[in-house]
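One structure is given below, encoded as structure tokens.
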Amino acid sequence: MNRQFCLNHTVRYDECNCDGFLTPAAFLRYMQDIAAQDAEDVRLEGNGYWVIKRTVISFATPIPIHTRLELKTYGIGFTRITAQRGYEAHLASAPQDKPLVSARTLWVYVDSHGRPARLPERTAQIWLPDGVLTPQPEQPFPAFPDRLPVTTSAKVHFSEIDLMQHLNNASAVEMLDNAGWEALAGSEITPAGASFTIRHYDIEYGDSPRFGEHLEVQNWFEPYPTAGQEFTRLQHLTREGKTMVCARARWLWQATQER
């Protein structure tokens, strides 16, 4: 039987947005934590470290504050230098029901110089003892619109870096979400009158910004947000013109009660 690793977690106040629902960045932190605990549990050895390349998350429903969740992670596929993980979040009271959130990530194993390196011995067999599979292929990102984006600025702060002193992948998504709201503010679309529900997030990490670096976020909306409709937000996180992260997120604008 292939390995699965589970944890229970109650959604905290500081993991929710102003509508009281779990944020995408908070769920990414759940994914980081359960993956690390899974690796520690099997005492995975090796002198390298893992760099994330792609994350795809689907949200079936908003998750309210103080919801008790069962979180699950498992191996999907491996190559000599990459590992793809799956993740699910279920209601702890109904772990056999369909997941509230499902996700997968592709990681690359690198050496101390940041070069791709062979996975520690028998890594794939730990998670897939029934037979090693290759990672599921991801669709390439489509060409982004050729019209000018709404551009906002950002900076990598100390609280946003990880153990490698890179911009943490969850912090990158937080930066993208902040930029998305900032880009819409010029059209007077703000959290005071708009409530966006996340449906899907697809993030491709090309490079790793470091502490203190100045970044720009290019934002496009397809179509431009309209109350009651779904829209896609397309973004490039850039440094000196080079794309570091690109992302597609699909959201639903739902009616907002008076705050």
Side-chain angles (χ1 to χ4, degrees), residues 9 11-19 21-37 39-40 48-57 59 63 65 71 73 85 87 89 101 103-110 112-114 141 149-185 190-191 196 198 200-220 233-249 251:
H9 179 81
V11 177
R12 301 194 309 261
Y13 175 88
D14 64 330
E15 296 170 335
C16 293
N17 60 21
C18 60
D19 297 311
F21 295 113
L22 181 70
T23 67
F27 189 75
L28 270 164
R29 292 188 173 97
Y30 293 176
M31 293 163 62
Q32 292 173 355
D33 186 60
I34 195 172
Q37 293 200 48
E40 290 173 6
Y49 59 91
W50 298 94
V51 174
I52 195 166
K53 301 303 291 182
R54 188 79 173 259
T55 297
V56 180
I57 315 175
F59 299 83
I63 300 177
I65 186 173
L71 305 172
T73 188
R85 272 186 178 273
Y87 309 80
V101 187
R104 58 187 180 272
T105 54
L106 182 67
W107 299 84
V108 177
Y109 194 66
V110 299
S112 59
H113 300 289
F141 269 73
V150 180
T151 301
T152 61
S153 60
K155 183 178 179 180
V156 181
H157 298 107
F158 173 78
S159 61
E160 297 170 330
I161 58 176
D162 57 22
L163 295 174
M164 281 75 74
Q165 299 191 21
H166 298 154
L167 176 65
N168 178 266
N169 67 80
S171 295
V173 167
E174 210 160 44
M175 188 178 287
L176 294 170
D177 286 349
N178 288 337
W181 278 107
E182 186 177 344
L184 292 171
T190 73
F196 293 161
I198 183 64
H200 188 78
Y201 227 127
D202 187 354
I203 314 109
E204 187 173 60
Y205 300 87
D207 206 341
S208 302
R210 293 181 174 271
F211 169 70
E213 291 185 338
H214 292 268
L215 308 173
E216 286 191 338
V217 185
Q218 299 171 337
N219 305 269
W220 296 266
R233 189 185 70 207
L234 307 159
Q235 293 174 295
H236 282 167
L237 180 63
T238 68
R239 181 188 63 200
E240 297 178 350
K242 178 183 178 182
T243 298
M244 315 295 280
V245 177
C246 59
R248 285 181 301 177
W251 303 81

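These values consider heavy atoms only, across backbone and side chains, with no hydrogens, waters or symmetry-generated copies.
Annotation: the span from N168 atom CG to L163 atom CG amounts to 9.0 Å, rounded to 0.5 Å. Here the CD1 atom belonging to I63 is positioned 12.0 Å from the CD1 atom belonging to I198, to the nearest 0.5 angstrom. To the nearest 0.5 Å, atom OG of residue S208 and atom CE of residue M164 are 7.5 Å apart. Separation of atoms CG (D202) and OG1 (T55) is listed at 8.5 Å; rounding is to 0.5 Å.
Just one residue in the list Q32, R54, M31, K53 forms a side chain to side chain contact (heavy atoms under 4.5 Å, CB included) with T105, and that residue is M31.
The shortest heavy-atom contact between D207 and K242 is OD2-NZ, 3.0 Å. Taking both residues in full, the closest heavy atoms of L237 and M175 are given as CD1-SD, 3.8 Å, listed atom of the first, atom of the second, then distance. What you find for H157 and F211 is that their closest heavy atoms are C-CD1, 3.9 Å. Y205 approaches N169 most closely through the heavy-atom pair OH-O, 3.1 Å. In plain terms, the two heavy atoms of A183 and T152 that are nearest each other are N-CG2, 4.1 Å. Heavy-atom minimum distance, P191 versus C18: CB-SG, 4.0 Å.
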* Asked: side chain to side chain donor-acceptor pair (under 3.5 Å) between N178 and E182: does it pass, once the steps are laid out?
  -> CA-CA 6 Å; N178 288 337; E182 186 177 344; over 6 Å; no

* **Evaluation steps, side chain to side chain contact (heavy atoms under 4.5 Å, CB included), between L215 and T238** => CA-CA 6 Å; L215 308 173; T238 68; over 6 Å; no

* Please step through side chain to side chain contact (heavy atoms under 4.5 Å, CB included) for the pair L184 and T190, ending with a clear verdict. => CA-CA 7 Å; L184 292 171; T190 73; over 6 Å; no

* May I have the step-by-step check of side chain to side chain contact (heavy atoms under 4.5 Å, CB included) for I65 and F21, ending in yes or no? => CA-CA 6 Å; I65 186 173; F21 295 113; over 6 Å; no

* To do: Check the pair I57, L28 against side chain to side chain contact (heavy atoms under 4.5 Å, CB included), reporting the backbone distance first and the verdict last.
  => CA-CA 9 Å; I57 315 175; L28 270 164; 4.0 Å; yes

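With contacts defined as side-chain heavy-atom distances shorter than 4.5 Å, the pair D177/R233 qualifies. At least one side-chain heavy atom of Y201 sits under 4.5 Å from a side-chain heavy atom of V173. Using a 4.5 Å cut-off on side-chain heavy atoms (C-beta onward), I161 and L167 make no contact. Proximity of I34 to Y87: side-chain heavy atoms (C-beta onward) are separated by under 4.5 Å at one or more points. In this structure, I52 and L106 have side chains that are not in contact, with every pair of non-hydrogen atoms separated by 4.5 Å or more. Taking 4.5 Å as the limit, every side-chain heavy atom of P149 sits out of range of all side-chain heavy atoms of N219.
Ring pair W251/F196 is tilted by interplanar angle, where 30° to 60° counts as tilted.
R248 forms a cation-pi arrangement with F141, by the criterion of a distance under 6.0 Å to the ring centre and an angle within 45° of the ring axis.
For F59 and H200, the distance between ring centers is not under 6.0 angstrom.
Between the side chain of Y49 and the backbone N or O of Y109 there is no donor-acceptor pair closer than 3.5 Å. Between the side chain of H236 and the backbone N or O of V217 there is no donor-acceptor pair closer than 3.5 Å. Panel note: side chain T23, backbone A26; a donor-acceptor pair is recorded below 3.5 Å. A donor-acceptor pair under 3.5 Å is formed between the side chain of N17 and the backbone N or O of D19.
Applying the salt bridge (Lys or Arg N to Asp or Glu O under 4.0 Å) test to residues at least two apart or on different chains, the pairs with a partner in residues 153-176 are R29-E174.
Taking E216 as the reference, nothing meets the salt bridge (Lys or Arg N to Asp or Glu O under 4.0 Å) condition, with sequence neighbours excluded.
One finds no salt bridge joining R210 and E213 here, because no Lys/Arg side-chain nitrogen approaches an Asp/Glu carboxylate oxygen to under 4.0 Å.
The number of heavy-atom neighbours closer than 6.0 Å to CD of Q165, taken from other residues, nucleotides and ligands shown, is 12 or below.
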